Amino acid sequence: MGKKRVMVPAKDLDLSTVKYEHEVIKAPHLTGSMLKLFVRMVEAPVLGSLIMSFLKKQNKMVEMLQNTVIPEAPMFKPEFPPQDAEPSVVIVDEERKPEDRVELALKCLPHYDPASCWSGDSLPSFRYWKIRDYAYAYRSKLVTPSMVAEKIISIIEDCNYHKPPTPLLISFDAEDIRKQAAASTQRFEEGNPLSILDGIFMAIKDDIDCYPHPSKGATTWMHEVRSVEKDAVCVSRLRSCGVILVGKANMHELGMGTTGNNPNYGTTRNPHALERYTGGSSSGPAAIVASGLCSAALGTDGGGSVRIPSSLCGVVGLKTTYGRTSMEGSICDAGTVEIIGPIASTVEDVILVYAAILGSSPEDRISLRPPPPCFPDLSSLENANTLGSLRLGKYTEWFNDVHSTDISDVCEDVLKLLSKSHGCETIEIVIPELHEMRTAHVVSIGSETKCSLNPDCEDGKGVKLTYDTRISMALFRSFTASDYVAAQCLRRRIMHHHMEIFKKVDVIVTPTTGMTAPKIPSSALKDGETDMQVTVHSVSAYLMRFIIAVIFLVFLPLPSLLVMTNKAFQ
C-alpha cells in the first residue's frame, strides 16, 4: 500500500522549498523483434496490466494520481482569466471574413521592400520564398501560380525515387493542384486576387480534413470508418483566401509520438540531415516547409506536435491558444488539449496564416468566453521598441536541463541579445510541480485519445495500429476515471502557479526542445520504436521537456511563453 500524501494548497505553497528535480524516465526503448514481443506482453490481459502498473509506479504516476490528496477542484477545460490589455497589438474581430483578417494582419507587418531581394525583372537566387515574395512575384508577373505548381509537382513526384525515401505527403493529386493553380493564375490575370495568400502553396496534416483527400491520421484504416465530405473549418478558411492545397502531409500515426516515425507510409526525414528525425507528430508539415516546397502548412498540437518538428527542422510553429481555432473537421476534435496551428518559415508568415484560420467555434465562445484575439503591431519602429518593456521569466535549472549545453548556450545568447539590443529584463522564477504537470498531461491526452478511438479498437482496428501506438494505447487503457479527475485537479493547481508567475513577468523563456534532431535507428524504419508521449524513453523526455505548460493550461496571452527554436538560432 502506498503512503498517503497531502499536497499543500497551491496558494499556500512556499516557493523557497521547491527543488528542481531532473526528469528520469524509467521504461524500455525497443525496436525490431523485441518491440513486437513487448507489444504482445502489454496486450496480454493479466501480464499487460502488471507491466503497466509497474511502469507507472516506477515513474511515480501511482503515487501522484492515487496516493495524493489534491485540494484544488478539477478544471476540465482550459480557462481564460481576466487579462490586462497588451500594448502594441491590434484587436481582431473574429467574425470578419478570413480574407479581411489577413488584410488586417498584413497591415501589422513591417514594410516589405522588394529591392532587398529582387533585382530588376530577374528572379532571386535560391532561398526560402516567403508569402510576400510570392505575392510580389505574382503581381509583377515574374511568375504565375501555375508555373510554381509544375515545379512543386515535379519535386514531390521525384521524392518517391529518393534514396533514402523522403515521404512528405500521404495523399497527393497532381491534377487537383494544377486546377487550383490555374484558377489562382486566372484571378491574377484579371487583377482580382482574393488576398495576400492567393497562390500560396500549403500542405495539410493528415488528421485535418481537406476534401477530396481522405483523412487517415497516417493509419492504414481510418479512412475506412471515417469519410471526408468537406474541408475542415480551418482549411475552408484558407481556401477562401486563395491558398493552393498540395495534399495531406505525413505524420506520426494518430499524433501519438514525438519523432515522426511511421512504418505505414515511410518516415519523413529531416531536410537538413536525412539521417535524422523531423520530430513529430507534424513531421510532414514541418519537413515540407523546411525543404522550401511550401511557404506554410497546418499541423495539430496536443503534446508539442507543431513546435517539436518546427524546432528540429529550423522553422516557425505556433501552438495557438486552445479554442482560438475551430477543431471541426479534424480527427482529434473531442479533447481539451489539441489545437490546429500554422507552420511557416518566418514569424511574419505564421501571423498571416493564423489570421486566416483563427475563429472560435460557437460552442467554445459560449463555454470558454475567450477575449478578442489580437495581432502584434510590427508596422512601425515605435511599436517594435515596446519589446524593451518585456520582463522575461527564466527558471535557470529547468532552462539548462538539456541533452547538450550547446542548446542552452545558444538560447542564453538570445536572451543576452534581447537585453543588449532591446533592454529586456530577465527575471529568475521558479515553476513548481513540473513532474506533476507532465503526469497530468499524459493522463489527460491519453484518456481523451482512448475515448475517441475506443469504438474502433473494440471493432478490431486496434491490431492494425503500429506497434508504438499499440503500446501507448495499452498505457492509456490503464488510466482510471479517478486518474483523469486527479489530473484535472492538478491542472487547476498548475494554472494557479502560472497565474502567480505572470504577475511578475510577461514571458516565460525556454528552449523549444531539450535536444537537437535525434538520428533515425535503422532498426526502427520497418516496425517503429517505443515512443510513448512522455513516459517511455529519454528521447521523448528531452523533446517534450519544455512543451507541456503551454498545452495543458492554454490560457496564456500571446506571446507569453517564448520558446526558442534550437536550430534557428545556431
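In this text, all values refer to a predicted model and were calculated from it rather than measured experimentally. One is the number of the first residue; the rest follow in order along the sequence.
A donor and an acceptor atom, one from each side chain of Y277 and N270, are nowhere located under 3.5 Å apart. Counting only N and O atoms by type, the side chains of T268 and N250 include a donor and acceptor under 3.5 Å apart. Under 3.5 Å, the side chains of T220 and K464 contain no donor-acceptor pair of N or O atoms. S482 and Q66 share no side-chain donor-acceptor pair at under 3.5 Å. Using modelled atom types, one finds no donor on one side chain facing an acceptor on the other under 3.5 Å when comparing K216 with S171. Residues S236 and K230 have side chains that never bring a donor and an acceptor to within less than 3.5 angstrom of each other. Judged purely by distance below 3.5 Å, without hydrogens or angles, the side chains of T31 and E529 never pair a donor atom with an acceptor atom. Side chains of S361 and E328: no donor on one and acceptor on the other come within 3.5 Å. Counting only N and O atoms by type, the side chains of T469 and T466 include a donor and acceptor under 3.5 Å apart. A donor atom on one side chain and an acceptor atom on the other are not found under 3.5 Å apart for N59 and H435. Using modelled atom types and a 3.5 Å distance limit, the side chains of E448 and T336 yield a donor-acceptor pair. Checking S49 against R477 by side-chain atom types alone, no donor-acceptor pair falls below 3.5 Å. Between the side chains of S215 and D209, at least one donor N or O lies within less than 3.5 Å of an accepting N or O.
Every residue meeting the salt bridge (Lys or Arg N to Asp or Glu O under 4.0 Å) condition with D401, not counting sequence neighbours, appears here in chain and number order: R545. In terms of the salt bridge (Lys or Arg N to Asp or Glu O under 4.0 Å) criterion, R40 has no residue partners (sequence neighbours excluded). Judged as a ring pair (Phe, Tyr, Trp, His ring centres under 6.0 Å), and not counting sequence neighbours, H213 has no contacts. In this view, D14 and S16, T17 satisfy the side chain to side chain contact (heavy atoms under 4.5 Å, CB included) rule, not counting sequence neighbours. For K77, the salt bridge (Lys or Arg N to Asp or Glu O under 4.0 Å) partners at least two apart in sequence or on another chain are D364. Listed by chain and number, the residues in a side chain to side chain contact (heavy atoms under 4.5 Å, CB included) with S227 are E229 (sequence neighbours excluded).
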Test side chain to side chain contact (heavy atoms under 4.5 Å, CB included) applied to E436 and L490, step by step: CA-CA 7 Å; E436 286 81 354; L490 288 172; 4.2 Å; yes

Verdict with reasoning, L238 to M202, per side chain to side chain contact (heavy atoms under 4.5 Å, CB included): CA-CA 9 Å; L238 291 172; M202 288 184 60; 3.7 Å; yes

Derivation of the side chain to side chain contact (heavy atoms under 4.5 Å, CB included) call for V505 and L392: CA-CA 6 Å; V505 302; L392 311 180; over 6 Å; no

From CA spacing to verdict: side-chain hydrogen bond (donor to acceptor under 3.5 Å, both in side chains), T68, E63: CA-CA 6 Å; T68 300; E63 174 190 349; 5.6 Å; no

Chi angles and distances behind the side chain to side chain contact (heavy atoms under 4.5 Å, CB included) call for T300, I208: CA-CA 8 Å; T300 55; I208 305 170; 3.8 Å; yes

Test salt bridge (charged side-chain N to carboxylate O under 4.0 Å, His left out) applied to R492 and E72, step by step: CA-CA 7 Å; R492 185 172 298 282; E72 283 71 29; over 6 Å; no

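The structure places OG of S367 at 10.5 Å from CD of E79, a figure rounded to the nearest 0.5 Å.
For the pair I308 and G279, the tightest heavy-atom approach, listed with the atom from each and the gap, is CG2-CA, 4.1 Å. Of all the heavy atoms in G317 and R307, the pair that sits closest is O-CG, 4.1 Å. Here the closest heavy-atom approach between residue I471 and residue F38 is recorded as CD1-CD2, 3.6 Å. Across every non-hydrogen atom of L312 and T516, the tightest pair is CD2-C, 3.8 Å. For S283 against T278, the heavy-atom pair with the smallest separation is CB-OG1, 3.0 Å. The minimum heavy-atom distance linking A203 with L169 is given by the pair CB-CD2, 4.3 Å.
In this structure, the side chains of F546 and W398 come closer than 4.5 Å at one or more pairs of heavy atoms.
Within a 6.0 Å radius of CZ in R226, other residues, nucleotides and ligands contribute more than 12 heavy atoms. Atom NE2 of H496 is surrounded by more than 12 heavy atoms from other residues, nucleotides or ligands within 6.0 Å. In the displayed structure, F54 atom CZ is contacted under 6.0 Å by at most 12 heavy atoms of other residues, nucleotides or ligands.
A cation-pi arrangement is present between K394 and F399 under the rule of less than 6.0 angstrom and at most 45 degrees off the ring axis.
Judged by distance alone, with hydrogens and angles left aside, the side-chain atoms of K248 form a donor-acceptor pair with the main-chain N or O of P214 at under 3.5 Å.
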